[in-house]
Chemist: 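My questions will all concern the structure given below.
One is the number of the first residue; the rest follow in order along the sequence. In this text the structure is predicted, and so the values were computed from the model without any measurement.
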Amino acid sequence: MQRTEAGTCYHLKDASVKMSGTPAQEAILDTAAKVYAATEQPLVVTSAEDGEHMEGSLHYDGKAIDLRVWELGSHERVAAQMQNILGDRYDVVAEWRVEADGEVPSHIHAEHDPA
């Protein structure tokens, strides 16, 4: 288990997840913890500065993280709540993936994007 400077507890998916604890990452995690507290989903970071992301991704600058959504019920609702708390300097998106039986929740992507 990891902790932010504010004391928020979270988990990394596994040892491959690389996070440097930037202010943007900490703000996202502290906000996510507030929203996730009302769910059955532990707060788990599935990707941060690691992984394969599109060119120019804010993940590589320590300004974006992806969060697990397995037990959320509605990851769209949780993403909207996080967006409301974080405000317009952040983008929070409920991501989907396509499987044989249709689209299923994939993860929540959150990034600090003040532009």
Chemist: With a 3.5 Å cut-off and sequence neighbours excluded, list the donor-acceptor pairs that the side chains of residues 87-98 form with protein atoms.
Modeler:
residue, atom, partner, partner atom, Å
Arg97, NE, Glu99, OE2, 2.9
Arg97, NH1, Pro105, O, 3.3
Arg97, NH2, Glu99, OE2, 3.2

Chemist: What are the two closest heavy atoms between Ala48 and Ile65, and how far apart are they?
Modeler: CB-CG2, 3.9 Å
Chemist: Which residue pairs pass the salt bridge (charged side-chain N to carboxylate O under 4.0 Å, His left out) test when at least one of the two sits in residues 1-30, sequence neighbours left out?
Modeler: none
Chemist: Going by heavy atoms in the side chains, are Tyr10 and Gln25 under 4.5 Å from each other?
Modeler: no
Chemist: Got a sec, which hydrophobics cluster with Val104, joining ILVMFWY side chains under 4.5 Å apart, including via others?
Modeler: none
Chemist: So, do Trp70 and Val44 sit near enough that their side-chain heavy atoms are less than 4.5 Å apart?
Modeler: no
Chemist: Looking at Gln83 and Ala79, would you say the former's side chain and the latter's main chain have a donor-acceptor pair under 3.5 Å?
Modeler: no
Chemist: So do the side chains of Gln2 and Val17 get within less than 4.5 Å of each other, counting heavy atoms only?
Modeler: no
Chemist: If I compare all heavy atoms of Leu58 with all of His112, which pair ends up nearest, and what's the gap?
Modeler: CD1-O, 3.3 Å
Chemist: Taking the side chain as every heavy atom from C-beta outward, state whether Leu67 and Met82 have any atom pair closer than 4.5 Å.
Modeler: yes
Chemist: Report the residues that fulfil side-chain hydrogen bond (donor to acceptor under 3.5 Å, both in side chains) with Ser106, sequence neighbours left out, ordered by chain and then residue number.
Modeler: none
Chemist: How far apart are the closest heavy atoms of Leu72 and Gln41, and which atoms are they?
Modeler: CD2-CB, 3.5 Å
Chemist: Which residues pass the side-chain hydrogen bond (donor to acceptor under 3.5 Å, both in side chains) test with His109, not counting sequence neighbours?
Modeler: His59, Asp66, Glu111
Chemist: Can you find a pair of side-chain heavy atoms, one from Ile108 and one from Tyr36, that are under 4.5 Å apart?
Modeler: yes
Chemist: Rounded to the nearest 0.5 Å, what's the gap from CG on Leu29 to OG1 on Thr4? Could you check?
Modeler: 7.0 Å
Chemist: Quick one: closest heavy-atom pair of Ala24 and Gly62, and the distance?
Modeler: CB-O, 4.0 Å
Chemist: If you round to the nearest 0.5 Å, how far is CD1 of Ile28 from OG1 of Thr22?
Modeler: 7.5 Å
Chemist: For Ala33, what residues pass the side chain to side chain contact (heavy atoms under 4.5 Å, CB included) criterion, not counting sequence neighbours?
Modeler: Thr8, Leu43
